[in-house]
**Student:** 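I am attaching a structure below and will ask some questions about it afterwards.
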Amino acid sequence: MITVEQASQIIQSNQSSPIIESVALDDAIGRVLQEDLIADRDFPPYDRVTMDGIAIAYQDVENGCRSFPVQEIAAAGSPQKTLSEKGHCLEVMTGAILPKGCDTVIRYEDLEIADGSAQLQVDGIRHQQNVHHQASDRAKGSLLVKAGVKLSSAEIGIAATIGAARLKVSRLPKVVIISTGDELVTVDQQPLPHQIRRSNVHRLQAILKREGIIADTRHLNDALAEITQELAQLLDANDAIILSGGVSKGKFDFIPQALENLGVEKLFHKILQRPGKPFWFGKAPDGARVFALPGNPVSSFMCTCRYFLPWLNASLGQQTRLNWQATLASDVDFKPDLTYFAQVRIQIDADSRLMAVPVQGKGSGDLANLVEADGFLELPRGRDRYLAGEQFTFWPYRSF
């Protein structure tokens, strides 16, 4: 068996290279950007009025002027106007270009406008107040968003601002999730006493959907010939395969043998961890990566969160990824010399720390316990007690 760190390194060193495609701006949310976004003009592109009110020349205030005849109105979206007479003003709206000859904006709340004049009602007017100066945010040609970012609504807004109607992004890999086992029936069937409904594929399909991947699903019975035949076709048609079950040492665990028959290179089998020890990972001759996970629901779910999703992000070329850290809320004792992925519920304490509250289940088959937790806290091997107040890596499966 290898360590968690070794397994992670092997998986990350076998990431796929991003394939670039162009998508419409409205379809780009959640995708990994594969081009830099550059400012096509200054941000803002002109001296911008930030308050409804009047625009004046500040020198008039310095000269003691308190009443300003209104010359005209400058609305947002209209061409730039010019203040042509000293001691006068223009009414201006938020977003308008600051008129020529003006350098200061006084908001309506500080004025009384009557008989065509604006009367100043307050003192303390500051030079250039309420003006957002041209290029004060970013200059034309500035790098706004660097390639490798997972696009959120903020980056979508930037792309729209610079006129990027289409964006170059990483193509999402084609993934199939495969359940194995004669005891499994579909969710719409009534199980016999010796059967259970398939849940792993739906759980894993759901977490991939959150990443934008619509994964196909398949089911294979415990028959070596059938498994080998089906896997041969699926390896050719997909970039990654996630299998659930059939990787331990049982007499009907045929997945490792079937993969070997198909020439899939085994890169490791079994990790010093709990849950998920029997995890098998390999690479097919045509390049498909194979994540053969244990059939127990907690094991397969944890391995997807801990290993598949980081591989996916790296393969898409995502450069910036959040490394979650959470503080253990109470002591945890764990005797085996294995990395322990403890199920935890997250709370925020008075100091705004992420506190990981252990949620003890009844083993890797206790799928119901997953609904009580928010993710897995990675407790490293080499010790048998983990103390409250210590920080560890947290692998969430809920959004925060």
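Position 1 is the first residue of the sequence, and the numbers go up from there. Bear in mind that the values here come from a model prediction, so they are computed numbers and not experimental data.
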**Student:** Is Val187 isolated, or which residues cluster with it under the ILVMFWY side-chain rule of less than 4.5 Å, directly or via members?
**Tutor:** none
**Student:** Test question: given the 4.5 Å side-chain rule for I, L, V, M, F, W and Y, name all other residues clustered with Leu33, or answer none.
**Tutor:** Val23, Leu25, Ile29, Leu37, Phe43, Leu144, Val145, Val149, Leu151, Ile156, Ile158, Ile162, Leu167, Val169
**Student:** What pairs of residues pass the ring pair (Phe, Tyr, Trp, His ring centres under 6.0 Å) test when at least one of them lies in residues 328-366, not counting sequence neighbours?
**Tutor:** Phe334-Tyr340
**Student:** Please determine, by modelled atom types, if Glu155 and Ser152 share a side-chain donor-acceptor pair under 3.5 angstrom.
**Tutor:** yes
**Student:** Scan for side chain to side chain donor-acceptor pair (under 3.5 Å) pairs involving residues 357-377, sequence neighbours excluded, and state none if there are none.
**Tutor:** Asn296-Ser364, Gln343-Asn369, Asp374-Arg398
**Student:** The criterion is ring-ring contact (aromatic ring centres under 6.0 Å, His included); which residues satisfy it with Trp324, sequence neighbours excluded?
**Tutor:** Phe400
**Student:** Using salt bridge (Lys or Arg N to Asp or Glu O under 4.0 Å) as the criterion, list what pairs up with Asp52, not counting sequence neighbours.
**Tutor:** none
**Student:** Taking ring-ring contact (aromatic ring centres under 6.0 Å, His included) as the test, write out the residues that go with Phe301, two or more places apart.
**Tutor:** Tyr397
**Student:** Would you say the side-chain atoms of Glu390 and Thr327 include a donor-acceptor pair closer than 3.5 Å?
**Tutor:** no
**Student:** Who pairs with Tyr108 by ring-ring contact (aromatic ring centres under 6.0 Å, His included), at least two apart in sequence or on another chain?
**Tutor:** none
**Student:** Under a 3.5 Å distance rule, please check whether Arg166 uses its side chain to pair with a backbone N or O of Ser22 as donor and acceptor.
**Tutor:** yes
**Student:** Which other residues belong to the hydrophobic cluster containing Ile38, where Ile, Leu, Val, Met, Phe, Trp and Tyr are joined when side-chain heavy atoms lie under 4.5 Å apart, directly or via other members?
**Tutor:** Leu143
**Student:** Give a yes or no on whether the ring-centroid distance for Phe394 and Phe376 is below 6.0 angstrom.
**Tutor:** no
**Student:** Using the test salt bridge (Lys or Arg N to Asp or Glu O under 4.0 Å), find all partners of Lys150 that sit at least two apart in sequence or belong to another chain.
**Tutor:** Glu211
**Student:** Just to verify, what does Asn221 make a side-chain contact (heavy atoms from CB on, under 4.5 Å) with, not counting sequence neighbours?
**Tutor:** Asp182, His219, Glu226
**Student:** Could you pull out all residues at least two apart from Tyr307 that satisfy ring-ring contact (aromatic ring centres under 6.0 Å, His included)?
**Tutor:** Phe279
